[in-house]
Amino acid sequence: MASEQTIQFNYNKALQQANSLLNISNDIRKIATDKLDDSIQAIDKNWDGENSKKFITKSKKLKDQVEDSADDIRRISDAIKKMAKEIYDAEMESIRIARMRSYKKS
């Protein structure tokens with residue numbers, strides 16, 4: 001059985017990794033909303049014609065896909081946090097039960 005310190009360490013490590021994913025998600029979303037939007041607007045303003053409209057349509061689809069990817073990464077981060085908490089709680093409960101049993105034997 002893992003010690004309380006090991007359980008706490010593993011839980012904190014999982015939270016750190018989940019937060020790193022959340023930061024990545026936020027960075028990706030910022031790129032999509034700031035950089036891609038600006039590029040699309042600049043192209044729309046400076047390029048006329050049928051090819052321009054097709055390019056803008058494809059660019060908007062790409063932007064949506066990038067935003068969807070950012071959302072997926074955020075959901076993964078949330079799932080990691082939830083699972084880490086459930087595992088942490090279960091392991092701490094196991095330690096508590098083991099201690100109760102060992103006290104009863106004494």
**Message:** Do F55 and L36 sit in one hydrophobic cluster, given that two such residues count as connected whenever their side-chain heavy atoms are within less than 4.5 Å of each other, even indirectly?
**Reply:** no
**Charged N-O contact under 4.0 Å between D72 and R75** = yes
**Request:** To the nearest 0.5 Å, tell me how far R96 CZ sits from S94 OG.
**Result:** 9.5 Å
**Message:** Hydrophobic clusters here meaning ILVMFWY residues chained together by side-chain heavy-atom distances under 4.5 Å, can you tell me if W47 and I40 are in one?
**Reply:** yes
**Request:** Dump the intermediate steps for side chain to side chain contact (heavy atoms under 4.5 Å, CB included) on E4 and I95, then the final yes or no.
**Result:** CA-CA 8 Å; E4 286 184 59; I95 288 176; 3.7 Å; yes
**Prompt:** Hey, are R74 and D78 close enough for a salt bridge, meaning a charged N less than 4.0 Å from a carboxylate O?
**Reply:** yes
**Message:** Let me confirm one number: the CD1-CG distance from I80 to L22, rounded to the nearest 0.5 Å.
**Reply:** 10.5 Å
**Complete:** In short, A84 meets Y11 closest at the heavy-atom pair O-CD1, 3.5 Å
**Item:** Distance (rounded to the nearest 0.5 Å) between S59 OG and D64 CG
**Value:** 11.0 Å
**Message:** Quick test of your reading of the model: are E50 and K53 salt-bridged, counting only N-O distances below 4.0 Å?
**Reply:** no
**Message:** Salt bridge or not between E86 and K81? Use side-chain N to carboxylate O under 4.0 Å.
**Reply:** no
**Request:** For the residue pair S25 and I28, establish whether any side-chain heavy-atom pair is separated by less than 4.5 Å.
**Result:** no
**Message:** Under a 3.5 Å cutoff, is there a donor and acceptor pairing between the side chains of Q8 and Y88?
**Reply:** yes
**Asked** Does some side-chain heavy atom of I43 sit less than 4.5 Å from a side-chain heavy atom of I56?
**Response** yes
**Message:** Side-chain heavy atoms nearer than 4.5 Å, only ILVMFWY residues, links allowed to pass through others: does that put L15 and I7 together?
**Reply:** yes
**Prompt:** Between D71 and R29, is there a salt bridge with N-O shorter than 4.0 Å?
**Reply:** yes
**Request:** Identify the two heavy atoms, one from S3 and one from T6, that lie closest to each other, and give their separation to 0.1 Å.
**Result:** OG-OG1, 3.0 Å
**Message:** Salt bridge or not between D89 and K85? Use side-chain N to carboxylate O under 4.0 Å.
**Reply:** yes
**Prompt:** Can you tell which of E67, K61, Q65 makes a side chain to side chain contact (heavy atoms under 4.5 Å, CB included) with K63?
**Reply:** E67
**Prompt:** Do you know which two heavy atoms are closest between I73 and L21, and how far apart they sit?
**Reply:** CG2-O, 3.3 Å
**Asked** For N19 and S77, which heavy atoms make the closest approach, and how far apart are they?
**Response** N-OG, 4.4 Å
